[in-house]
Amino acid sequence: GNAGNVTLTAASGSIAVDAINASSTAGNGGNLFITAAGNVVTGGLTATGGSQGGDITLRSTGGNVDTSTIVSDDGQPVGGTVSATAGDGTGGELTFAAAGTITPADNVLTTGNDVTFDGPVALTANNAFAGPTVSVVIDGEGGDIEFTDAVNQARNLVLSPGGGSIRVAGPAGATAA
């Protein structure tokens, strides 16, 4: 069967969650929509599907979006990956949008669909569990990777758009942003 959709909304304040899994091994992955007036902070997010991946949209209208690995209440690392891949079809579209800064997970993955970072991106290690590299990978044909603003690269960045293109609208480098 198909996974269900997950929608979290905070008209005021922030949202912080560990991991969310809305995946299905045989059907479609569920869509994940997280929107807050303040910060959006998550661990790993999974919306994978055997047939179709679900879309993942994270939006902060007045704060930051951070999907880098976080530490759970029991002291264990949670996350490090945002994935909307599909086994046989198209993965979900991934959208990260923030009025402040976007700090992506170590691995951002989809299959044949777009990944958009709408806001300034900071590739920083916010905790001891973050790896040295952030990878944005689109498997299969199609799918673009777009950065609408500056990319501050305190860590390595690997972009693999499959058959799509890469667009960076702002400056990129260790001193950008």
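Minimum heavy-atom separation, Thr81 to Ala105: N-CB, 3.8 Å. Scanning both residues, Pro104 and Leu123, for their nearest heavy atoms gives CG-CD2, 3.6 Å. Annotation for Ala47 and Gly30: closest pair CB-O, 3.1 Å, computed over non-hydrogen atoms. Heavy-atom minimum distance, Ala11 versus Ala37: O-CB, 3.2 Å.
Two residues are said to be in side-chain contact when any heavy atoms from C-beta on lie closer than 4.5 Å; Leu8 and Ile20 meet this criterion. Considering only heavy atoms from C-beta on, Asn152 stays 4.5 Å or farther from Pro120 through its side chain.
To the nearest 0.5 Å, the span separating CD1 on Ile34 from OG on Ser60 amounts to 12.0 Å. Interatomic distance, CD1 of Ile56 versus CG of Leu32, reported as 5.0 Å (0.5 Å rounding). Here the straight-line distance linking atom CG of Asp114 with atom OG of Ser165 works out to 8.5 Å at 0.5 Å rounding.
Among residues two or more places apart in sequence or in another chain, the side-chain contact (heavy atoms from CB on, under 4.5 Å) test is passed with Asn2 by Asn28. The salt bridge (Lys or Arg N to Asp or Glu O under 4.0 Å) check on Asp144 picks up Arg167, with sequence neighbours excluded. For Thr25, there are no side-chain contact (heavy atoms from CB on, under 4.5 Å) partners, not counting sequence neighbours. Residues passing the side chain to side chain donor-acceptor pair (under 3.5 Å) test with Thr148, sequence neighbours excluded: Asp118. Every residue two or more places apart in sequence or in another chain that forms a side-chain contact (heavy atoms from CB on, under 4.5 Å) with Ala122 is listed here: Thr101, Thr103, Thr124. Partners of Asn5 according to the side-chain contact (heavy atoms from CB on, under 4.5 Å) rule, which considers only residues two or more places apart in sequence or in another chain, are Asn31. Residues passing the side chain to side chain donor-acceptor pair (under 3.5 Å) test with Asn21 are Ser23, sequence neighbours excluded. Phe147 meets the ring pair (Phe, Tyr, Trp, His ring centres under 6.0 Å) test with Phe117; sequence neighbours excluded.
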query = When you look at Leu58 and Leu45, which way does the side-chain contact (heavy atoms from CB on, under 4.5 Å) test go after all the steps?
reply = CA-CA 10 Å; Leu58 306 174; Leu45 301 175; 3.7 Å; yes

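Each of Ile102, Val40, Asn39 was evaluated against Asn64; a single residue qualifies, Asn39, per the side-chain contact (heavy atoms from CB on, under 4.5 Å) test.
Sorted by first then second residue, the side chain to side chain donor-acceptor pair (under 3.5 Å) pairs that include residues 48-58, not counting sequence neighbours, number zero. Legend: ring-ring contact (aromatic ring centres under 6.0 Å, His included) pairs involving residues 34-61, not counting sequence neighbours: none detected. Identified under the ring-ring contact (aromatic ring centres under 6.0 Å, His included) test for residues 12-59, with sequence neighbours left out: none.
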Can you list, pair by pair, the side-chain donor-acceptor contacts under 3.5 Å of residues 82-95, counting residues two or more places apart and other chains?
none

